[in-house]
Protein chains: 2
Amino acid sequence: MRILIVEDEKKVAGFIKKGLEEETYAVDVAYDGEEGFHLADMNEYDLIILDLMLPKMDGLEVLTRLRDKKVNTPILLLTAKDAVEDRVTGLNKGADDYLTKPFAFSELLARIRSLLRRGQAETQTELKVGDLCLDMVSHKVSRNGEEIELTGKEYSLLEYFMRNEGKVLTRTMIAEHVWDYNFDTFTNVIDVYVNHLRKKIDKKYPAKLLHTLRGVGYVMRV
Amino acid sequence: MRILIVEDEKKVAGFIKKGLEEETYAVDVAYDGEEGFHLADMNEYDLIILDLMLPKMDGLEVLTRLRDKKVNTPILLLTAKDAVEDRVTGLNKGADDYLTKPFAFSELLARIRSLLRRGQAETQTELKVGDLCLDMVSHKVSRNGEEIELTGKEYSLLEYFMRNEGKVLTRTMIAEHVWDYNFDTFTNVIDVYVNHLRKKIDKKYPAKLLHTLRGVGYVMRV
DNA sequence: ATATTTTCATTAAATTTTTGGTTCATTGAA
DNA sequence: TTCAATGAACCAAAAATTTAATGAAAATAT
């Protein structure tokens, strides 16, 4: 899952980024409204965390412009405690939730999880494909009951595949959701990681889950 | 364990804060009802000590609003000796216990301990992970029978790990529960303390209890 | 004055990415 | 139908990068 943070206070942005990376999200940061708008417009984020008080372009304008352009990524607003009006305006203009500053990271995380779950069965924290099982809270993965150890990137990649069971995922799509802004198109890291994953989740089982579609991409299915 | 004190009398607040910090709790203080409500709402405290007589927002209202927002942190009320009615109302509105002013610190401490134990086996004051043993009353820690000397922070950190045996704890989570509001994200104190702890509890034993999950955090398990 | 807590710099280790040879599947010519 | 030729995918291992462990100094609190 890839998240954009639009926040000018370096310290706050850094704090959120670090916390989210510990949770294995891919995170980009924009330090003003203009940059935030462009990044959100050019990339397909799974979630945007948007501060309302921003230099160059106000958060509400970023929000409005994005919704005008039919970008319908979930947006979580960060507002000052007393900015009740902005909050209401924000929700009316299409934001999905808000949090007043200062906030505890655990609170932010809970809201992010809930926004990202939107659409899928609510309150569900487990993904299953065949006998492969992934818990999004504890980050534990097992197949056929046996626990499997994964590194951060391996975990993110697997989560993305499992969230999209049966859908064909091109390398471009994978790069957009599992890697961040600095991804280099002309590399085969994705192939290499698919290989790493296969070794861990498919190798010793006869029923393979991760399939190659030559010239197109990969798909996970039983 | 992190505790919030909502109390307008500076002297009382200071007295409790100091005493609790000596017991190695991380303590925040709010001096009026509004501030108390916001802090309690935004952070994940393990316990809240709430005076009923407060400026800006009355203690009962703080309590009611918190419970309405599904904040179910244990709450200990402080009331005047003759305010029987408020006490009853408070307990009905979801407070967990009360203490009439003035009170002895030891009495407060006993009740806090009992509230924090809630959920775990009653009357149990010991935490055990493998052959590592921690007594929450005497603050004594031993492994394999040998007593281990810990400083305050080391003790808090270890207690947090042991209360959450088997759960992966990110640095962000550790900071939220073992340090207080003023924690700086861009420091490696947590790493350093984990190192201190390991020297004392793991170094001479072959079976390590404190494990690193690279890029994510730490976990305590046998 | 002493012990604890925090910061800083260095070292060590694991993950991530790149590299480059190998294998595999598809396609068009024999 | 078979056989190169081609390009895509795979994979092992090296290189680069990131992250954690550690010792020691500095700051802070007792």
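Here is the naming used below: chain letters follow the sequence lines, and residue numbers restart at 1 for every chain. Basis for what follows: all heavy atoms, side chains included, without hydrogens, waters or symmetry-related copies.
Nearest-nucleotide positions on DNA chain C for B:Thr187 and A:Trp179 put B:Thr187 closer to the 5' end.
Enclosure of atom CE in A:Met57 by more than 12 non-hydrogen atoms of other residues, nucleotides or ligands within 6.0 angstrom is indicated. Few gaps surround OH on B:Tyr205; more than 12 heavy atoms of other groups in view lie less than 6.0 Å from it. Applying the 6.0 Å contact sphere to CD of B:Glu147 captures more than 12 heavy atoms from other residues, nucleotides or ligands. More than 12 heavy atoms of other residues, nucleotides or ligands lie within 6.0 Å of NZ in B:Lys208, so this atom counts as buried by the packing criterion. More than 12 heavy atoms of other residues, nucleotides or ligands sit less than 6.0 Å from atom CE of A:Met173.
A side-chain donor-acceptor contact under 3.5 Å links B:Asp28 and B:Tyr45.
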Output one line per pair: protein atom, nucleotide atom from nucleotides 28-30 of chain D, and distance, for all N/O pairs under 3.5 Å.
none

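Look at B:Thr151 and you won't find any side-chain N or O under 4.0 angstrom from OP1 or OP2 of C:dA3.
Residues from residues 195-222 of chain B with heavy atoms under 4.0 angstrom of DNA chain C, sorted by number: B:His196, B:Arg214. Residues from residues 23-30 of chain B placing a heavy atom under 4.0 Å of any atom in DNA chain D do not occur. Scanning residues 10-19 of chain A for heavy-atom distances under 4.0 Å to DNA chain C yields an empty list.
The distance between atom CD1 of B:Ile190 and atom P of D:dT19, rounded to the nearest whole Å, is 16 Å. Rounded to an integer number of Å, the gap from CG of B:Asp191 to C1' of C:dT5 is 15 Å. Put simply, CG on A:Asn188 is 14 Å from P on C:dG21, counting in whole angstrom units. The nearest whole Å value for the distance from the CD1 atom in B:Ile174 to the P atom in D:dA20 is 11 Å. Computed from coordinates, the A:Asp184 CG to C:dT18 C1' distance equals 10 Å when rounded to whole Å. Between the CD atom of B:Glu154 and the C1' atom of C:dT6 there is a distance of 13 Å, rounded to whole Å. Here C:dT17 presents its C1' atom at 10 Å from CZ of A:Phe183, a figure rounded to the nearest Å. Distance A:Asn182 CG to D:dA16 C1': 15 Å, rounded to the nearest Å.
At a threshold of 4.5 Å between non-hydrogen side-chain atoms, the residues B:Val12 and B:Asp51 do not count as touching. Side-chain contact between B:Val168 and A:His139: absent, with no pair of heavy atoms (C-beta onward) separated by less than 4.5 Å.
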Under 3.5 Å, sequence neighbours excluded: what are the donor-acceptor pairs made by side chains of residues 184-194 of chain B?
residue	atom	partner	partner atom	Å
B:Asp184	OD1	B:Phe186	N	2.9
B:Asp191	OD1	B:Arg171	NE	3.0
B:Asp191	OD2	B:Arg171	NH2	3.3

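Annotation: the span from A:Thr100 atom OG1 to A:Leu77 atom CG amounts to 11.5 Å, rounded to 0.5 Å.
The only member of B:Tyr160, B:Phe183, B:Tyr25 that meets ring pair (Phe, Tyr, Trp, His ring centres under 6.0 Å) when paired with B:His177 is B:Tyr160. Applying side-chain contact (heavy atoms from CB on, under 4.5 Å) to B:Val29 and the options B:Ile16, B:Ile49, B:Ile5, B:Leu4 leaves one that passes, B:Ile5.
Put simply, the side chain of A:Ser156 gets close to the backbone of A:Thr24: a donor and an acceptor are under 3.5 Å apart. Between the side chain of A:Lys56 and the main chain of A:Gly33, no donor-acceptor pair closer than 3.5 Å is present. A donor-acceptor pair under 3.5 Å is formed between the side chain of B:Asp135 and the backbone N or O of B:Ser138. At least one donor-acceptor pair under 3.5 Å links the side chain of A:Arg198 to the backbone N or O of A:Leu210.
Among the heavy atoms of the strands lying under 4.0 Å from B:Val192 is at least one base atom, whether or not backbone atoms are also near.
In the helix from C:dA1-D:dT30 to C:dA30-D:dT1, the rotation axis of the first five pairs and that of the last five pairs differ in direction by 30°, rounded to 10 degrees.
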